[in-house]
There are 2 protein chains.
Amino acid sequence: MARQVIGSAEVAEKLAVAIHEHRLPPGTKLNEDEVGEIFGVSRTVVRAGLQQLAHQHLVDLKRNRGAFVAKPSVREAREVFEARSLVEPTTARSAARRAGPAEIARLRAHIEAEHAALAEGDDGRALYLSGTFHNEVARIANQETIAEFIAQLVSRSSLIIALYWERRAALCESHAHDALIGAMERGDADEAEALMKSHLLDLYTSLDLRDAPAQPKTLKEALSG
Amino acid sequence: MARQVIGSAEVAEKLAVAIHEHRLPPGTKLNEDEVGEIFGVSRTVVRAGLQQLAHQHLVDLKRNRGAFVAKPSVREAREVFEARSLVEPTTARSAARRAGPAEIARLRAHIEAEHAALAEGDDGRALYLSGTFHNEVARIANQETIAEFIAQLVSRSSLIIALYWERRAALCESHAHDALIGAMERGDADEAEALMKSHLLDLYTSLDLRDAPAQPKTLKEALSG
DNA sequence: TGGACAAGATTCGTATACAATCCGGAGGCC
DNA sequence: GGCCTCCGGATTGTATACGAATCTTGTCCA
């Protein structure tokens with residue numbers, strides 16, 4: 001394959017997608033030389049990409065130790081979903097008011113892709129797409145600043161799911177997204193807001209946030225690392 | 001003076017404060033060699049710091065052109081204040097519920113410092129402190145994730161003020177912050193939320209967001225650069 | 001057998017070198 | 001006189017080099 005010119009943004013993006021799709025589990029060491037080798041760039045650009053991901057809380061940068069895929073604590077998990085509950089319902093309301101046929105179509109295509117991925121057994125990709133669905137909704141609300149924040153929260157949610165999700169089978173059988181599109185199509189802002197709110201609550205309550213994975217046993221560490 | 005060891009985080013922080021205090025106006029070119037010279041570090045660490053600031057939207061990184069202090073558009077200005085209005089009132093409510101005597105004292109000390117700076121004629125510092133006051137409130141709410149988002153919005157607000165503020169004299173004579181502390185001290189969450197909401201609206205409406213500085217005349221550009 | 005220590009190997013942090021790109025002005029042409 | 005072109009200087013983008021910190025592993029001793 002032809003060697004493509006790649007910058008730090010592309011490196012960060014590819015790593016972010018891999019993390020989001022659970023191909024890089026929390027705690028994974030991201031060796032600079034290794035990553036550079038894979039993408040055909042020097043450590044300089046790899047480091048820039050890793051720093052970008054660190055700012056998004058997707059990786060942990062430990063001085064003189066290297067970069068690791070982040071492992072959100074229980075506390076952080078709660079915070080992320082609190083933040084989402086604060087911001088996303090209002091955003092969904094705003095999106096419902098602004099959505100035209102083109103936007104609705106795009107959302108439906110998005111869900112279509114998600115279903116297709118699920119059918120192929122590519123759970124990781126399906127999870128990724130079900131996350132970015134929220135990004136699309138935020139984009140429709142036409143508030144770039146908040147959309148960016150939501151995108152970060154969605155990414156972090158993916159890490160939280162990797163750590164604290166219990167019943168992965170029931171992944172996205174829920175038709176919450178379909179219902180939301182319906183409300184948006186009807187321009188029913190109240191309903192859209194309510195649906196988003198309950199959808200997030202639903203996600204949150206299906207996590208097992210009792211305690212453990214925050215301080216993983218060093219033994220477990222060794223086995224998984 | 002002893003040469004202190006400084007990393008990219010410190011560089012970013014010092015530049016951020018300078019921007020926040022309006023010592024580096026929007027559009028200012030941040031030459032890598034020059035900044036490195038000032039802090040006694042190589043371009044490598046300067047670049048890392050600049051990238052961090054770019055992620056916070058405090059500087060604009062233009063490929064092959066360099067780093068410039070950001071010039072938020074009118075649209076961006078609106079978005080930032082919309083986001084703040086969405087997030088900060090709820091945060092103030094939460095802070096009011098959690099604030100104990102220690103927190104109240106810290107806030108009062110903060111305001112004290114702001115008044116002192118104003119008395120010394122250091123308007124930039126006063127502006128900086130009046131901004132970070134909001135960060136302190138967010139910290140009391142004990143929601144790190146949202147607090148970080150607010151901190152970014154506050155920084156960007158400082159740039160917006162630099163570009164679109166009209167009556168700078170009336171800077172912070174308003175006693176909105178004092179009133180907020182009062183409500184928090186009484187544990188009056190409703191009042192704290194309402195005060196924060198009106199305070200932000202007040203700020204927003206005192207901006208002149210009619211149009212211009214978004215697409216600055218190239219002539220003006222040349223004069224200011 | 002188990003733990004503590006030390007030397008080697010690995011990996012990160014920072015500085016520097018070199019190539020690519022952009023800006024500005026001199027000169028020429030219309 | 002105005003505009004275009006081209007070249008020199010300056011600045012950024014990327015790779016590499018080297019010192020510093022950390023991790024590994026093998027050995028010694030209790």
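The structure displayed is predicted, hence computed values, not measured ones. Just so we're on the same page: letters track the sequence lines, and every chain starts at 1.
Going from atom CD of Glu10(B) over to atom C1' of dT14(C) covers 14 Å, rounded to whole Å. The CD-P distance, from Glu32(B) to dT16(C), rounds to 15 Å in whole Å. Regarding Asp60(B), its CG atom lies at a distance of 14 Å from the P atom of dT12(D), rounded to whole Å. For Asn31(A) and dT10(C), the CG to C1' distance is 9 Å, given to the nearest whole Å. If you take CD of Glu37(B) and P of dT11(D), they are 12 Å apart, rounded to a whole angstrom. Residue Asp33(B) contributes atom CG, which lies 15 Å from atom C1' of dC22(C) at whole-angstrom precision. In this structure, Leu61(B) atom CG and dT14(D) atom P are separated by 11 Å, rounded to whole Å. Atom pair Glu34(B):CD and dA10(D):C1' shows a separation of 13 Å (rounding to whole Å applied).
Close to dA15(C), at under 4.0 Å from its OP1 or OP2, lies no side-chain N or O of Arg43(A). For Ser42(A), a side-chain nitrogen or oxygen approaches OP1 or OP2 of dA15(D) to under 4.0 Å. Remark: Arg47(B) is not in phosphate contact with dT12(D), judged by side-chain N or O atoms under 4.0 Å from OP1 or OP2. The shortest distance between the side-chain N/O atoms of Arg63(B) and the OP1/OP2 oxygens of dT12(D) is not below 4.0 Å. Side-chain nitrogen and oxygen atoms of Lys29(B) include at least one within less than 4.0 Å of the OP1 or OP2 phosphate oxygen of dT12(D). A sub-4.0 Å separation between OP1 or OP2 of dA20(C) and a side-chain N or O of Asn64(B) is absent.
Side chains of Ser130(A) and His177(A): no donor on one and acceptor on the other come within 3.5 Å. Judged purely by distance below 3.5 Å, without hydrogens or angles, the side chains of His199(B) and Glu88(B) never pair a donor atom with an acceptor atom. Side-chain atoms of Arg47(B) and Gln51(B) include no donor-acceptor pair closer than 3.5 Å.
For the side chain to side chain donor-acceptor pair (under 3.5 Å) with Arg156(B), the qualifying choice from Glu76(B), Glu79(B), His20(B), Gln56(B) is Glu76(B), the only one to do so.
The nearest heavy atom of DNA chain D to Thr44(B) and to Leu30(B) marks one nucleotide each, and the one closer to the 5' end goes with Leu30(B).
Note on ring orientation: taking the six-membered ring where Trp is involved, the planes of Phe81(B) and Tyr204(B) are tilted (angle from 30° to 60°).
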